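Source: prediction; values computed, not measured. A note on names: the letters A, B, ... follow the listed sequences, proteins ahead of strands, and every chain is numbered from 1.
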Protein chains: 2
Amino acid sequence: MYAQAVSATPARIDPSRLAIGRGLERQTTTSLMAISSLQKKGPGETLFAEGDEADSVYEIVLGTVRLYKLLPDGRRLITGFLSAGKLLGLAPEGVCIYTAEAVTNVTLCRYKRTALERLMDEAPGFAKRLLSVASHELRAAQDQMLLLGRKTAAEKVASFLLMMAEGQGEEDADELDVPMTRNDIADYLGLTIETVCRVLSKLKQDKLIACESKSHIRICDRDRLEELASGETDTDL
Amino acid sequence: MYAQAVSATPARIDPSRLAIGRGLERQTTTSLMAISSLQKKGPGETLFAEGDEADSVYEIVLGTVRLYKLLPDGRRLITGFLSAGKLLGLAPEGVCIYTAEAVTNVTLCRYKRTALERLMDEAPGFAKRLLSVASHELRAAQDQMLLLGRKTAAEKVASFLLMMAEGQGEEDADELDVPMTRNDIADYLGLTIETVCRVLSKLKQDKLIACESKSHIRICDRDRLEELASGETDTDL
DNA sequence: CGCAAACTTGATGTTGCTCAAGCTAGGTGG
DNA sequence: CCACCTAGCTTGAGCAACATCAAGTTTGCG
């Protein structure tokens with residue numbers, strides 16, 4: 001858990017490029033620009049912690065962020081990894097319910113919650129836009145609940161790899177970058193680091209994937225990986 | 001999975017009493033009334049199924065509903081139990097991502113999605129209200145992910161009992177009604193029915209709870225139950 | 001080049017699952 | 001009204017999946 005400091009760079013960028021305003025009118029994106037500010041964080045740095053006052057919403061411009069919750073004895077569950085274009089901080093009212101940390105170098109666009117509230121009242125489509133974002137998050141959370149509660153270790157890892165592949169390249173790229181550690185993956189899937197390693201080794205051995213390096217994986221047999229991930233496999237691993 | 005038919009009762013009730021319009025202006029609740037219709041379902045009946053077109057939002061007026069997702073081989077995860085005042089069907093866009101079934105006799109208020117969309121454009125606060133509901137669901141989903149991914153069987157069951165107690169009586173009642181079967185509880189906690197039984201027996205034996213009947217439980221030692229649920233226990237069960 | 005963090009692999013342990021048997025309660029029909 | 005019948009619940013014995021503990025190995029950085 002090292003934290004490599006990166007100087008915050010207050011700045012403005014064109015929010016019509018940003019996801020938060022997608023599909024909205026020019027006037028609204030202009031208002032968004034007026035209340036936004038850019039930030040940077042280095043790997044391991046905290047954006048906000050569980051229990052902090054939730055006064056901002058962030059959009060990730062570049063990089064990957066992990067969100068997690070802790071139990072008192074230190075057990076951790078990562079509720080999600082977010083990459084460019086994703087919003088965070090929408091959910092909480094009053095107090096943050098999870099911690100957000102940079103996985104890689106991260107560039108963020110920050111919006112004050114009070115300003116967003118005002119904009120929601122003024123711009124008709126904006127609250128609907130945020131509702132749509134929240135709905136998608138809810139859907140992802142429910143898929144993840146199914147994974148955590150009912151999938152086997154192999155199915156979990158296969159699902160994770162496919163999810164990472166989707167979030168990457170524009171097309172269904174079979175080459176994927178895994179910026180997070182094995183520990184992060186384990187805490188995301190409700191497993192231990194050793195189990196994640198063993199499953200990856202088995203997938204490699206069975207030629208479903210190939211590891212170009214620790215953080216670069218290629219999907220060799222997408223069909224079988226998808227079959228495994230969705231839980232259609234009877235006797236495997 | 002029996003389905004006891006109950007005749008649908010088209011009707012209108014005063015939506016200012018309903019949760020969907022909480023905190024909104026009189027004019028908005030009146031519009032809500034105009035687009036609402038009452039429905040009833042008996043135990044085991046389906047409100048909508050995974051894959052159905054998601055054209056409605058429901059509010060539960062009375063009773064309990066379970067939401068679940070299935071894996072191809074039949075493994076089931078219940079993503080939530082909803083009781084009076086809760087909304088369902090908010091999340092999906094296009095297609096339902098889970099099945100909703102009545103646990104008990106259920107009375108529902110149904111709103112057409114298209115009508116809600118229109119109302120969101122007209123009534124300023126309404127989209128914000130729905131966003132707030134979605135945010136709360138998201139928060140609950142994240143707590144459940146922590147439970148599913150990182151809690152032990154005993155911690156899961158303790159958490160479930162406390163959650164049920166909260167949702168019940170107005171005060172923090174220590175008497176709770178458990179309308180769902182042990183099987184439902186197991187599929188909600190990512191356990192088997194046998195494990196749920198064993199944990200309940202152990203909690204009974206340790207005098208943390210008492211079972212008045214199969215579906216009526218009394219919390220005898222709330223402090224220890226909360227300690228167990230939050231994961232502060234080192235060596236227990 | 002050397003160090004520390006991350007990763008991998010193996011041996012052993014434990015939690016919760018599976019399989020199996022009996023029990024309980026509530027609804028139905030004689 | 002009671003006895004039966006069935007769905008749901010409980011408990012036990014054995015087992016498997018995954019966790020834990022313990023070495024090593026690799027990698028990237030100073």
Side-chain angles (χ1 to χ4, degrees), chain A residues 1-4 42-44 71 73-77 103-105 147-158 178-187 189-205 209 211-217 228 231 233-237, chain B residues 1-4 42-44 71 73-77 103-104 147-158 178-205 209 211-217 228 231 233-237:
Chain A
M1 294 295 146
Y2 58 102
Q4 167 191 327
L71 286 172
D73 64 359
R75 278 174 284 172
R76 184 177 72 155
L77 188 96
V103 173
T104 61
N105 277 316
L147 179 146
L148 290 168
R150 286 297 182 221
K151 288 190 181 179
T152 66
E155 289 163 359
K156 285 176 175 181
V157 173
V178 183
M180 62 289 290
T181 66
R182 299 287 189 261
N183 222 314
D184 282 346
I185 299 172
D187 285 348
L189 299 176
L191 298 171
T192 59
I193 179 174
E194 293 96 332
T195 299
V196 171
C197 266
R198 276 186 253 272
V199 171
L200 284 174
S201 297
K202 185 67 164 52
L203 293 176
K204 224 179 302 178
Q205 187 188 311
I209 62 172
C211 294
E212 326 269 285
S213 83
K214 307 271 175 196
S215 64
H216 190 209
I217 293 176
L228 180 57
T233 316
D234 305 305
T235 42
D236 222 41
L237 181 66
Chain B
M1 290 303 145
Y2 56 102
Q4 168 191 328
L71 286 173
D73 64 359
R75 279 173 283 173
R76 183 178 73 154
L77 187 97
V103 173
T104 61
L147 178 147
L148 290 168
R150 286 295 182 224
K151 288 190 181 178
T152 65
E155 288 163 1
K156 286 176 175 182
V157 173
V178 183
M180 61 290 289
T181 66
R182 301 284 189 261
N183 221 314
D184 282 346
I185 299 172
D187 284 349
Y188 179 59
L189 300 177
L191 298 171
T192 59
I193 179 174
E194 294 95 333
T195 299
V196 171
C197 267
R198 276 185 252 273
V199 171
L200 284 175
S201 298
K202 184 66 163 52
L203 292 176
K204 223 178 304 178
Q205 186 187 311
I209 62 171
C211 293
E212 327 270 285
S213 84
K214 307 269 177 198
S215 65
H216 190 209
I217 293 176
L228 180 58
T233 317
D234 304 307
T235 41
D236 222 43
L237 180 67

| Any A:Thr195 side-chain heavy atom under 4.5 Å of A:Leu189 side chain | no

| note | Comparing A:Leu200 with A:Arg150, nearest DNA chain C nucleotide closer to 5' gives the residue A:Leu200

| B:Arg150 side chain reached by A:Leu148 side chain, heavy atoms, under 4.5 Å | no

| side-chain N/O A:Thr195 vs D:dC18 OP1/OP2, d < 4.0 Å | no

| Between P of C:dC17 and CZ of B:Arg75, the distance in whole Å | 13 Å

| For A:Asn183 and D:dA19, what is the distance between atoms CG and P respectively, to the nearest whole Å? | 12 Å

| task | Would you mind reading off the distance between B:Leu203 atom CG and D:dT10 atom C1', rounded to a whole angstrom? | result | 15 Å

| Heavy-atom side-chain proximity of B:Leu203 to B:Leu228 below 4.5 angstrom | yes

| C:dT8 C1' sits how many Å from A:Ile185 CD1, rounded? | 14 Å

| Do the side chains of B:Pro43 and B:Val103 get nearer than 4.5 Å, heavy atoms only? | no

| said: Measure NZ/A:Lys202 against C1'/D:dC18 and give the value in whole Å, please. | reply: 15 Å

| task | Provide, to the nearest angstrom, the distance between the CD1 atom belonging to B:Ile193 and the P atom belonging to D:dG12. | result | 16 Å

What protein N or O atoms touch nucleotides 19-26 of chain C N or O atoms at under 3.5 angstrom, if any, and at what distances?
{"from": "C:dC19", "atom 1": "N4", "to": "B:Glu194", "atom 2": "OE2", "distance (Å)": "2.9"}

| field | Closest to side chain of B:Thr152, choosing from C:dG16, D:dT10, C:dT8 | value | C:dG16

| task | Would you mind classifying the nucleic acid contact of A:Thr192 as base, sugar-phosphate or nothing, using non-hydrogen atoms under 4.0 angstrom? | result | base

| task | Report yes if some heavy atom in the side chain of B:Val199 is under 4.5 Å from a heavy atom in the side chain of B:Lys156; otherwise report no. | result | no

| query | What nucleic acid atoms does A:Leu191 come within less than 4.0 Å of, heavy atoms only: base, sugar-phosphate, or nothing? | reply | sugar-phosphate

| field | Min side-chain heavy-atom separation A:Arg198-A:Leu191 under 4.5 Å | value | no

